[in-house]
Amino acid sequence: MEFNKENTKDRLFADILLPLPLPRPFTYRIPDTEREKVNIGSRVIVQFGKKRILTGIIVKVHSIEPDVYEAKDIIEILDDAPSVNAFQLKLFEWMAEYYMCHPGEVLNAALPSGLKVSSESKIQLNPNFEDLEEKIPFADKELLIIEMLEKKEALTFDEVSLIVGKKSGSSLIKSLIKKNRIIVFEEVKEKFTPKIIKKVRLCPPYDQKGNMQELFIKLEKKPKQTDLLLKYIKLTGFLENPDKNTTGINKNLLIEESSLSPFTSLVKAGFFEEYEIVVSRFEEDDEESKYAEVRLSETQQSAKDSILEQFGEKEAVLLHGITGSGKTEIYIELIKNVLSGGSQVLYLLPEIALTTQIVQRLRKIFGDKMGIYHSKFSDNERVETWRGIISGRFSFVVGVRSSIFLPFDNLGLIIIDEEHETSYKQHDPAPRYHARDTALMLARMHHSKTLLGSATPSVESYFQAVNKKWGLVELTQRFGNAKLPQLIAVDVRKEKRDRKLHGDFTGLLTQQIEKSLHERNQVILFQNRRGYAPYISCEDCGHIPKCDNCAVSLTYHLYHKELRCHYCGSHESIPTRCEACGSNKIKTVGLGTEKIEDDIKLLFPDAVTQRMDLDTTRKKNSYQKIIEDFQNNKIDILVGTQMVTKGLDFDRVNLVGILDADSLIHFPDFRAHEKAFQTFTQVSGRAGRREKAGTVILQTSSINHPVIGKLLQQDYSGFFNTEISEREKFHYPPFYRLISITFKDPDAGIASKGADRLFGKLKYFIPKEQILGPEQPLINKIRNYYLEEIILKFERNKANLPAIKFKIKEAIEKVLAETAFKNSIIVCDVDPV
DNA sequence: AGCACGCCGACT
DNA sequence: GTCGGCGTGCTC
């Protein structure tokens with residue numbers, strides 16, 4: 001409902017949603033000067049508290065004057081047209097309610113920081129300063145600052161520190177304020193800065209071809225300037241087509257390395273003019289974009305038809321297609337359909353997949369209609385994508401988790417690729433949302449359809465499909481003639497008995513690696529653990545070094561020569577002697593990617609081995625570099641973590657080794673089997689992309705484990721059936737919904753007491769058998785906070801969850817209000833992954 | 001979340 | 001005696 005801003009003489013107020021963890025919007029007065037610009041969804045600048053300046057969003061306009069407090073004025077309305085639309089506001093609200101957080105936290109996660117104004121504290125001389133008798137003494141450094149302010153008018157705190165040194169900066173400022181010599185003010189500025197390039201063109205009348213002769217005569221005795229003019233003519237093609245002068249030329253293209261002075265003379269003489277234009281940070285195609293042709297196979301075509309047909313009655317369809325079955329082409333064709341119908345498309349991908357080949361491929365097809373939203377993008381680039389959607393420049397966005405927040409107003413299709421990926425769930429700061437589930441809600445709001453794709457669907461999604469809530473399309477053949485890899489499990493225990501083990505490598509695996517290398521093929525080795533060894537231990541007393549802040553053993557990193565904590569990132573040097581008993585017999589236990597890399601280099605000294613994990617890909621382009629090297633056959637053996645399981649399609653990989661299947665399978669979590677099945681299937685998919693079938697070797701000590709069995713047969717539905725009955729039996733998703741509540745406190749006793757207290761409150765409205773815990777999680781201390789966990793289980797569609805969530809929040813507030821728990825933090829995670 | 005106002009220890 | 005520790009409560 002739009003408030004009639006013309007027909008009222010009343011004072012107008014706006015409820016402003018602020019990007020803070022506060023329960024409700026705040027009411028500000030709209031100054032008469034801003035009345036015309038008032039729109040729901042527009043950004044405003046307001047003062048919040050004594051000095052904070054924030055960007056908020058107008059969520060309501062009304063004329064009800066608050067009676068218990070004086071509403072402050074909105075400082076400025078930043079937008080002429082809303083930056084946030086009604087769909088988004090509705091989605092934010094839904095997320096806050098569903099994920100048990102504050103709407104402001106959702107807003108904070110949603111708005112790219114380039115859309116928030118920042119304010120910076122600056123100092124200036126106090127105009128009212130009077131010291132006629134000059135009796136106030138100033139220190140030398142203070143005088144220095146005053147001198148600077150007389151020249152520059154205003155300085156930031158950082159600038160002050162630069163002048164007088166880092167330590168004394170703030171104390172000098174304080175002292176000057178005290179002496180009334182300076183005052184502090186807040187400078188507000190938009191963070192987004194458009195990209196501007198400097199251009200050059202000929203001034204009239206020389207923009208006419210006929211006047212060229214005259215110009216050359218004028219420059220007769222100036223060879224440098226003549227050269228520059230000739231260069232301009234040559235680069236622009238001015239003589240062939242004088243219209244080219246209107247678009248001019250990039251200044252730095254004209255100048256290049258040469259001296260500026262001939263150019264400056266030409267400008268001064270009025271022959272050239274310099275001007276600036278605002279350009280996009282993204283490349284633009286000049287050609288009228290015509291979608292490149294993609295030819296679907298018969299199977300793909302019928303899959304596509306089936307998807308469209310099922311969209312007729314269902315809001316979502318799950319595309320279950322084995323690795324290499326050609327899902328991407330189907331997506332592309334569907335996207336084309338929707339785009340030509342005039343609707344928008346969102347294509348969600350996990351972070352790592354976005355860095356790979358797929359984006360270039362889509363770019364070739366969709367050209368500049370396609371926007372990208374990626375966490376490695378700068379703020380300015382993100383704002384351009386955001387604005388590009390509002391302006392209609394982008395009707396199709398490929399993006400990561402957070403792209404569900406973009407200002408779509410007419411979605412026709414959302415594609416969630418690699419639907420099972422757990423990285424779609426945000427863990428740490430609130431909102432702890434799942435992009436897949438949120439996208440389904442977003443689609444519903446737009447009356448749009450959702451296509452979920454995976455080779456190994458999550459149990460939850462597959463359950464929706466087999467229960468006919470969603471449509472289901474299955475692709476069981478690899479595209480073209482590509483063969484499925486052959487999976488072999490090797491019993492590590494048996495090999496150990498038979499003394500066939502080479503360190504951590506079974507006889508079969510070493511043989512196969514040798515064979516692959518000999519055939520000039522490539523090998524991928526997977527180990528889901530980075531570092532050299534998960535921990536080190538003293539051979540004499542068994543002591544294991546632990547992190548001081550977290551309840552985990554420290555991982556041994558050979559390359560950096562340190563022990564590191566994978567939870568808080570702290571590190572220390574490797575001890576030469578046991579810190580408990582002084583023995584120097586310290587051994588490494590278990591294996592990580594570093595050790596595998598090391599051992600492989602010893603076993604196969606002639607092969608080029610590269611490691612790919614968090615530690616080798618931290619730098620911006622290192623991931624890309626490794627991929628390229630691998631693609632160009634500069635690497636024979638690639639050793640890596642999860643990272644090697646995603647979207648790497650290389651023809652020459654014919655062997656994949658899974659070093660230790662057991663650690664994933666036996667991980668203490670109800671989703672461990674699912675995760676193991678998915679991960680192993682995904683890595684296996686890297687082997688053998690063409691006619692030749694690849695080989696996957698799986699080293700395990702639990703050769704008879706059912707998950708291994710299903711995996712070897714690549715029997716997804718068999719796996720699903722076993723898994724789903726376990727889930728039903730033990731009351732887990734998808735039959736039950738989970739909410740995890742973590743109680744954190746720097747004191748272990750208080751954490752435990754607090755969790756008990758919360759439990760006591762919860763049991764009044766939640767049946768006891770639906771509350772698990774409180775219990776210490778496996779890792780019971782992270783970053784110096786002790787953890788206690790309570791898990792709540794609610795039978796699907798039976799409980800009134802919104803009401804229960806409300807009561808949970810009340811209970812939490814009550815507990816936190818007790819003084820004993822003043823340092824405690826309580827975190828709710830809805831649908832934890 | 002951040003920032004101010006407010007009450008107790010080690011220093012110019 | 002003050003500077004500064006962070007504890008509590010509020011922000012339209």
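Quick note: numbers below take in every heavy atom, side chains included, and nothing from hydrogens, waters or symmetry partners. Throughout, protein chains are lettered first and strands after them, A, B, ... in sequence-line order, and every chain is numbered starting at 1.
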Q. For every nucleotide of nucleotides 2-11 of chain C, 5' to 3': is a protein heavy atom under 4.0 Å from its base (B), only from its sugar-phosphate (S), or from neither (-)?
A. ------S--B

Q. Excluding sequence neighbours, so at least two apart, what forms side chain to side chain contact (heavy atoms under 4.5 Å, CB included) with E813(A)?
A. none

Q) By side-chain hydrogen bond (donor to acceptor under 3.5 Å, both in side chains), which residues pair with N780(A), not counting sequence neighbours? A) Q776(A)

**Q.** side-chain hydrogen bond (donor to acceptor under 3.5 Å, both in side chains) against Q426(A), all qualifying residues, sequence neighbours excluded
**A.** R401(A)

Q: With sequence neighbours left out, write down each residue that passes side-chain hydrogen bond (donor to acceptor under 3.5 Å, both in side chains) with R29(A), or none if nothing qualifies.
A: D73(A)

Q. Taking atom C1' of dC12(C) as reference, at what distance in whole Å does atom CD1 of I75(A) sit?
A. 13 Å

Q) Nearest-Å distance, CG (D67(A)) to C1' (dC12(C))? A) 12 Å

Q: Assert yes or no for the condition that the ring centre distance of F26(A) to F48(A) is strictly below 6.0 Å.
A: yes

Q: Select base, sugar-phosphate, or nothing to describe what P21(A) touches, counting heavy atoms under 4.0 Å on all strands.
A: base

**Q.** Presence of salt bridge, R757(A) and E818(A), under 4.0 angstrom
**A.** yes

Q: Tell me what E70(A) touches on the nucleic acid: a base, only sugar-phosphate, or nothing, going by heavy atoms under 4.0 Å.
A: sugar-phosphate

(Q) According to ring-ring contact (aromatic ring centres under 6.0 Å, His included), does anything in residues 425-444 of chain A pair up with another residue at least two apart or in another chain? List the pairs. (A) F405(A)-Y433(A)

Q) Under the criterion side chain to side chain contact (heavy atoms under 4.5 Å, CB included), which of Y764(A), F765(A), F759(A) is the partner of L762(A)? A) F765(A)

Q) What pairs with E34(A) under side-chain hydrogen bond (donor to acceptor under 3.5 Å, both in side chains), at least two apart in sequence or on another chain? A) none

Q) In residues 739-756 of chain A, which ones come under 4.0 Å of DNA chain C, going by heavy atoms? A) none

(Q) If you compare all heavy atoms of V59(A) against all heavy atoms of I40(A), which two are closest, and at what distance to 0.1 Å? (A) O-CD1, 3.8 Å

Q) Can you name the residues that form a side chain to side chain contact (heavy atoms under 4.5 Å, CB included) with D79(A), not counting sequence neighbours? A) S42(A), R43(A), S83(A)

Q: Extract, from 5' to 3' on DNA chain B, the first and final nucleotides lying under 4.0 angstrom from some heavy atom of chain A.
A: dA1(B) to dC5(B)

Side-chain polar contacts of residues 823-833 of chain A - donor-acceptor pairs under 3.5 angstrom, sequence neighbours left out - could you list them?
| unit_1 | atom_1 | unit_2 | atom_2 | d |
| --- | --- | --- | --- | --- |
| S824(A) | OG | D745(A) | OD2 | 2.6 |
| S824(A) | OG | F821(A) | O | 3.3 |
| D829(A) | OD1 | K425(A) | NZ | 2.8 |
| D831(A) | OD2 | Y98(A) | OH | 2.6 |

Q. For DNA chain C, what is the dot-bracket line, given that a base pair needs Watson-Crick (N1 to N3, plus N6-O4 or O6-N4) or G-U wobble (N1-O2 and O6-N3) geometry with both distances under 3.5 Å, and | means paired with another strand?
A. |||||||||||.

Q. Can you check ring pair (Phe, Tyr, Trp, His ring centres under 6.0 Å) on F87(A) and H446(A), steps first, answer last?
A. CA-CA 8 Å; F87(A) 288 109; H446(A) 282 261; 3.8 Å; yes

